[in-house]
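Let me begin by presenting the structure, written as structure tokens, before commenting on it.
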Amino acid sequence: MEKLKALKGFKDLLPGESERWDAVASLVRNTFHAFGFSPVRTPVLERTTLFTRSIGETTDIVEKEMYTFEDWDGKAVTLRPEGTASVVRAYLEHRLGLHPLPVKLYYQGPMFRHERPQAGRLRQFHQVGAEIIGEIDPKQDVELLSLLSHFFEQTGISGLTLEINSLGCPLCRPPYRKTLQDYFQVRLGTLCEDCGRRFNSNPLRILDCKKATCKTVTQEAPASADHLCPECETHFKAVQEGLNVLKLPYSLSKHLVRGLDYYTKTAFEMTTTQLGAQNAVAAGGRFDGLVEALGGPATPAIGFAMGMERIMQLLPESQHELPKLRLFMAPLGEVAGQHLFPVLYALRQQGICCEMGKPSAALKRQMKQADRLEAAFVLIAGEEEMAAEQVILRNMRTKAQLHLPLSNLVEGISAQIAP
RNA sequence: GUGGGUGUAGCUCAAUGGUAGAGCACUGGUCUGUGGCUCCAGUGGUUGAGGGUUCGAUUCCCUUCACUCACCCCA
């Protein structure tokens with residue numbers, strides 16, 4: 001029989017690692033809440049058109065990476081490859097724009113792209129994202145970046161760089177794109193094969209080609225930040241000033257581009273050098289045209305997404321610590337076992353993490369089990385103790401033992417072992 | 001989709017053209033009601049799968065699959 005196993009690019013999260021994910025999730029909750037963001041959860045399955053209209057028909061994601069299939073009613077549906085489109089869809093569907101603007105939302109959950117797995121890249125991966133919808137003010141850009149920066153500070157991850165750029169808007173991007181194509185037109189011979197393709201499909205992409213030969217060509221290429229319309233230029237300047245006021249470190253990256261079509265103006269990435277080729281830990285930008293493109297009123301917005309798997313790889317070891325077992329109860333014989341069983345339940349109801357051994361097992365064996373589970377305390381209830389209406393409570397670290405009466409046992413235990 | 005690397009016990013890895021071993025882990029004993037340490041023993045592998053060469057293949061060759069890294073793309 002064929003061995004059953006998880007699909008390529010899909011991973012199980014086992015005890016040990018799961019707790020670390022929970023810890024990061026709760027850090028997300030606290031941090032994002034402090035910055036005024038509310039959580040949303042949207043379905044993982046959406047109509048395919050949501051993504052083709054938002055991400056862009058000709059992007060690689062839409063063309064060859066989406067898990068798309070026909071639903072029972074014959075309609076094309078897709079496992080979401082990213083989160084922003086769904087959030088905007090929900091924003092429009094539930095008329096969240098009727099709330100005071102801007103609306104600030106965040107989400108976390110699995111995304112799906114059929115790519116070849118490699119370091120920091122899976123087919124089911126997890127993102128945490130935040131969006132500010134309904135406000136064009138560059139202060140929103142700065143607020144969002146301050147959240148990003150503060151969050152990573154809280155994680156203890158070091159060695160991150162915030163890079164920013166401006167991609168322009170529908171007014172200044174087309175002429176810039178033309179300028180760029182003119183520049184590359186006469187240099188096509190020196191570009192790599194991939195860049196030859198990009199020249200027509202997405203000339204901006206040539207700017208972040210990794211090949212050395214292309215890099216020498218792109219070095220002198222015109223930068224979008226130098227070809228902005230007055231509005232975009234003012235906006236970009238204001239963002240930089242805002243970052244300076246908050247003393248947030250960043251660097252201007254003239255050749256930073258985005259993979260999804262909906263981005264405008266401010267674009268940014270949080271990168272690391274410790275993760276191999278997949279060096280972006282978080283990325284995002286302004287998407288002032290997306291809400292309208294999905295059928296809503298013209299509404300400016302900005303957001304980012306962070307890759308959970310990449311964050312987990314960078315998280316310092318100190319964050320791995322697991323909660324330990326507080327109490328292990330070792331009954332010797334059925335009488336003790338039956339007496340302790342309700343006590344076990346009562347202690348757990350108080351939120352105390354405890355386990356109980358098998359009454360038929362020898363004390364030595366139960367002690368060993370308690371040790372393996374890293375129990376802080378062990379409760380020993382043998383025949384002698386039961387006859388004397390008491391139990392022994394042993395502190396495993398100090399080896400100190402004391403007797404507790406059977407009456408009011410739950411209270412007696414919790415008073416002794418409270419952390 | 002393209003290219004490179006690697007597949008031996010649950011984990012980390014040895015070894016040899018003559019049908020496999022260690023450490024860790026696990027189970028038990030040493031220790032008749034008190035854990036960690038020591039020592040001893042035990043469980044555990046059709047050497048990823050299929051085919052070929054050979055008297056004989058885990059080792060050499062081919063194919064395939066899986067994992068992995070990189071390209072592409074992207075968080």
Side-chain angles (χ1 to χ4, degrees), chain A residues 2-3 5-9 11 14 55-56 58-66 81-84 108-130 148 192-195 197-198 201-202 205 208-211 256-260 263 268-272 275-285 303-314 325 328 330-333 336 357 359 361-386 391-397 399-401:
Chain A
E2 192 191 353
K3 251 194 244 169
K5 50 181 305 194
L7 295 174
K8 181 200 285 277
K11 289 275 180 288
L14 299 178
I55 298 171
T58 59
T59 56
D60 277 36
I61 294 178
V62 167
E63 280 184 342
K64 48 194 188 192
E65 293 177 0
M66 296 205 304
E82 60 104 33
T84 300
Q108 45 187 319
M111 308 291 163
F112 305 84
R113 292 180 200 171
H114 189 100
E115 303 179 276
R116 193 81 164 256
Q118 78 186 64
R121 191 175 82 184
L122 294 172
R123 289 182 174 177
Q124 177 180 332
F125 60 105
H126 298 78
Q127 288 188 334
V128 173
L148 193 59
C192 71
E193 199 181 313
D194 287 324
C195 286
R197 249 187 307 108
R198 291 170 179 136
S201 63
N202 192 351
R205 271 264 162 239
D208 70 347
C209 182
K210 289 167 185 161
K211 297 217 168 57
L256 176 70
V257 296
R258 306 274 65 228
L260 285 60
Y263 285 110
F268 53 88
E269 267 179 29
M270 196 70 102
T271 60
T272 175
L275 229 46
Q278 312 300 320
N279 64 349
V281 179
F304 66 72
M306 319 190 282
M308 275 293 279
E309 280 80 3
R310 296 178 188 179
I311 290 172
M312 298 315 296
Q313 282 182 49
L314 293 171
L325 184 64
F328 185 89
L332 301 175
L363 177 58
K364 166 186 255 334
R365 188 171 157 62
Q366 298 199 54
M367 288 298 290
K368 212 167 206 170
Q369 195 181 348
D371 187 56
R372 269 200 324 245
L373 293 171
E374 299 185 69
F377 292 88
V378 171
L379 183 137
I380 300 166
E383 283 168 21
E384 292 168 24
E385 289 75 28
M386 293 307 285
V391 295
I392 296 172
L393 185 68
R394 176 182 177 86
N395 181 322
M396 291 295 272
R397 192 175 50 78
K399 301 186 182 182
Q401 298 194 169

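Letters A, B, ... are given to chains in the order of the sequence lines, protein chains preceding strands, and every chain is numbered from 1. These figures come from a predicted structure and were not determined experimentally.
Mapping A:Leu7 and A:His126 onto RNA chain B via the closest heavy atom, the residue that lands nearer the 5' end is A:Leu7.
Contact annotation for A:Gln369: no contact, since no heavy-atom pair falls under 4.0 Å across all strands. When heavy atoms are screened at a 4.0 angstrom cut-off, A:Arg372 is found touching the sugar-phosphate backbone but no base atom. Among the protein residues, A:Arg197 comes within range of no part of the nucleic acid, since none of its heavy atoms lies under 4.0 Å from any strand. The residue A:Glu383 sits close to a base: some heavy atom pair falls under 4.0 Å. Contact annotation for A:Ala370: no contact, since no heavy-atom pair falls under 4.0 Å across all strands. Nucleic acid contact class of A:Gln278 (heavy atoms, under 4.0 Å, all strands): base. Residue A:Glu269 is classed as having no contact, given no heavy-atom separation below 4.0 Å to the nucleic acid. A:Lys8 comes within 4.0 angstrom of sugar-phosphate atoms only, judged by non-hydrogen atoms across all strands, and of no base. Counting any heavy atom pair closer than 4.0 Å across all strands shown, A:Leu379 reaches no nucleic acid atom. No contact: A:Met306 has no heavy atom under 4.0 Å from any strand. Within 4.0 Å of A:Gly120, counting heavy atoms only, lies at least one base atom of the nucleic acid. If you check every strand for non-hydrogen atoms under 4.0 Å, A:Gln313 touches nothing. Within the nucleic acid shown, A:Ile392 comes within 4.0 Å of at least one base atom, counting heavy atoms only.
The nearest whole Å value for the distance from the NZ atom in A:Lys210 to the P atom in B:A70 is 9 Å. With rounding to whole Å, A:Arg258 atom CZ is found 8 Å from B:C74 atom C1'.
At most 12 heavy atoms of other shown residues, nucleotides or ligands fall within 6.0 angstrom of atom CD in A:Glu383.
Rounded to the nearest Å, the gap between the P atom of B:C60 and that of B:A41 is 34 Å. A distance of about 29 Å separates the P atoms of B:U34 and B:U43, rounded to the whole Å. Nucleotides B:U64 and B:G5 have their P atoms positioned 15 Å apart, rounded to a whole Å.
Under the Watson-Crick or G-U wobble criterion, with both distances below 3.5 Å, B:A66 is paired with B:U6. Base-pair partner of B:U27: B:A41 (Watson-Crick or G-U wobble, both distances under 3.5 Å).
For B:G28, its base never sits under 3.5 Å from the side chain of A:Lys364 at any donor and acceptor pair. Interface remark: the A:Arg205 side chain does not form any donor-acceptor pair with the B:C72 base, using a distance-only criterion of under 3.5 Å.
Distances shown here put every side-chain N or O of A:Arg116 at or beyond 4.0 Å from the OP1 or OP2 atom of B:U68. Checking the phosphate oxygens (OP1, OP2) of B:A75, no side-chain nitrogen or oxygen of A:Gln127 falls inside 4.0 Å. Contact between the side-chain N/O atoms of A:Lys64 and the OP1/OP2 oxygens of B:C72 is not found at any separation under 4.0 Å. Checking the phosphate oxygens (OP1, OP2) of B:G28, a side-chain nitrogen or oxygen of A:Arg365 falls inside 4.0 Å.
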